[in-house]
There are 2 protein chains.
Amino acid sequence: MFIGEYSHNLDAKGRIIIPSKLRNELHSSFILTRGLDNCLTIYSLEQWEKIFIEINKLPTTKKATRQYIRVLTSSACECTLDNQGRILIPTNLAEPLGIKKEVTIIGANDHIEIWDKKTWDEYIDEADKSFEDVAENLSDLLDND
Amino acid sequence: MFIGEYSHNLDAKGRIIIPSKLRNELHSSFILTRGLDNCLTIYSLEQWEKIFIEINKLPTTKKATRQYIRVLTSSACECTLDNQGRILIPTNLAEPLGIKKEVTIIGANDHIEIWDKKTWDEYIDEADKSFEDVAENLSDLLDND
DNA sequence: TGGGAAATGTTTATAGGTGAATATTCGCAT
DNA sequence: ATGCGAATATTCACCTATAAACATTTCCCA
């Protein structure tokens, strides 16, 4: 499971180091694509397939389904770690999210997310306001036996 | 069950010793994450997994679910006791709580908490004053279920 | 075919993490 | 009170991860 928050910088060529702790749980090849809430998402190949098993259950006759599939697949790219543990973020993925230099990489349970630092700070700032609520639910989850 | 209050100092590299009395009931690996009221919490791996069994049932297509997962996972880190009984507190966890050197480690029933000493002193000072009042109201909490 | 830009790969310096050794303190038992 | 052993504090040394600069290759276009 992917956990933790890590700060990294794009190098001059638009590459970032994937934190070693996250790398340990990742195969050398994976899918980088658009995530929800203005971040990029890394899925393992296995998981990527799983997602499409679910998606293929949705009716392509619906506008929303087609749109979702198009965004997800058109922006997806298969990435490979180089031997320094880096990946190249394609410009067409980085640019719309304002990713230039400082990024925050987070473990998010079953996947990894890459955020522009500023965007992340604002997001988590907002989310923190409801942290106490989150934590209370948490203890409920533990107690319910 | 974890009990007691212990004072310890971070070393130059940001590590603390987990008190030996607490260590006895702890496996060598566990999850360190944000707790309520400005402290850090240690969960066993079993407790942590239990939480995510529940969380994995929630739909990630919902905004609130994603926020919930991100708050939890990004602030978590898996810690391992080194052979002197120490763990490293990651900067991104220590800093927002003002943890620099002096910390108070307390046993809190089913988990362990790590506090900045000053924060703890103030908290317990306040809590002591209202100890009887709080106790008085506790039974109400039970009735309301 | 040569020049240049982009992509890819390598090297090196530094910081941060990890492990070990030693010194010191503390509690317990004699 | 004294001595012993365990627990804790502190220091040092090493190693890995990261950052940044630099070198090489590839490929497109003039």
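All chains are named by letter (A, B, ...) in the order of the sequence lines, taking the proteins before the strands, and each is independently numbered beginning at 1.
Residue side chain Q84(A) does not reach the base of dA17(D) through any donor-acceptor N/O pair under 3.5 Å, judged by distance alone.
Between E78(B) atom CD and dG17(C) atom C1' the separation is 16 Å, expressed in whole Å. Spacing between atom CG of D82(B) and atom P of dA7(D) amounts to 15 Å, rounded to whole angstrom units. One interatomic measurement links the two molecules: CG of L22(A) to C1' of dT18(D), which rounds to 14 Å at whole-angstrom precision. dG9(C) atom P lies 13 Å from atom CG of D11(A), rounded to whole Å. Regarding I16(B), its CD1 atom lies at a distance of 16 Å from the C1' atom of dT10(D), rounded to whole Å. At whole-Å resolution of the value, CD1 in I87(A) and P in dA7(C) are 14 Å apart. When rounded to the nearest whole Å, the span between CG of N9(A) and P of dA21(D) equals 11 Å. Look at CD1 on I17(A): it is 11 Å from P on dA17(D), rounded to the nearest Å.
Shown here is E78(A), whose CD atom has more than 12 heavy atoms of other residues, nucleotides or ligands within 6.0 Å. Counted within 6.0 Å of OH on Y123(B), heavy atoms from surrounding residues, nucleotides or ligands total 12 or fewer; the atom is thus considered open. Summarising the local packing, CZ of R34(A) is surrounded by 12 or fewer heavy atoms from other residues, nucleotides or ligands at distances under 6.0 Å.
Listed candidates were dT8(D), dA17(D), dT18(C). Nearest to the side chain of L88(B) is dT18(C). Set against dA17(D), dT10(D), dG9(C), the side chain of R86(A) has dG9(C) as its closest nucleotide. With dT11(D), dT8(D), dT18(D) as the choices, the nucleotide that has an atom nearest any side-chain atom of H8(B) turns out to be dT8(D).
Comparing N24(A) and K101(A) against DNA chain D, the residue whose closest nucleotide sits nearer the 5' end is N24(A). For the pair Y6(B) and A12(B), both in contact range of DNA chain D, the more 5′-proximal nearest nucleotide belongs to Y6(B).
Taking only side-chain nitrogens and oxygens, N83(A) comes nearer than 4.0 Å to OP1 or OP2 of dT10(C). Contact check, K21(B) against dG27(C): no side-chain N or O comes under 4.0 Å of OP1 or OP2.
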| Heavy-atom protein contacts under 4.0 Å, nucleotides 22-27 of chain D, coded B base, S sugar-phosphate only, - none | -B----
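Using a cutoff of 4.0 Å between basic side-chain nitrogens and carboxylate oxygens, D37(A) and R70(B) are scored as salt-bridged. Note on E122(A) versus K118(A): salt bridge recorded, some NZ/NE/NH1/NH2 to OD/OE distance being below 4.0 Å.
Using cut-offs of 30° and 60° for the angle between ring planes, the W115(A) and W120(A) rings count as perpendicular.
Taking 4.5 Å as the limit, every side-chain heavy atom of F2(B) sits out of range of all side-chain heavy atoms of E113(B).
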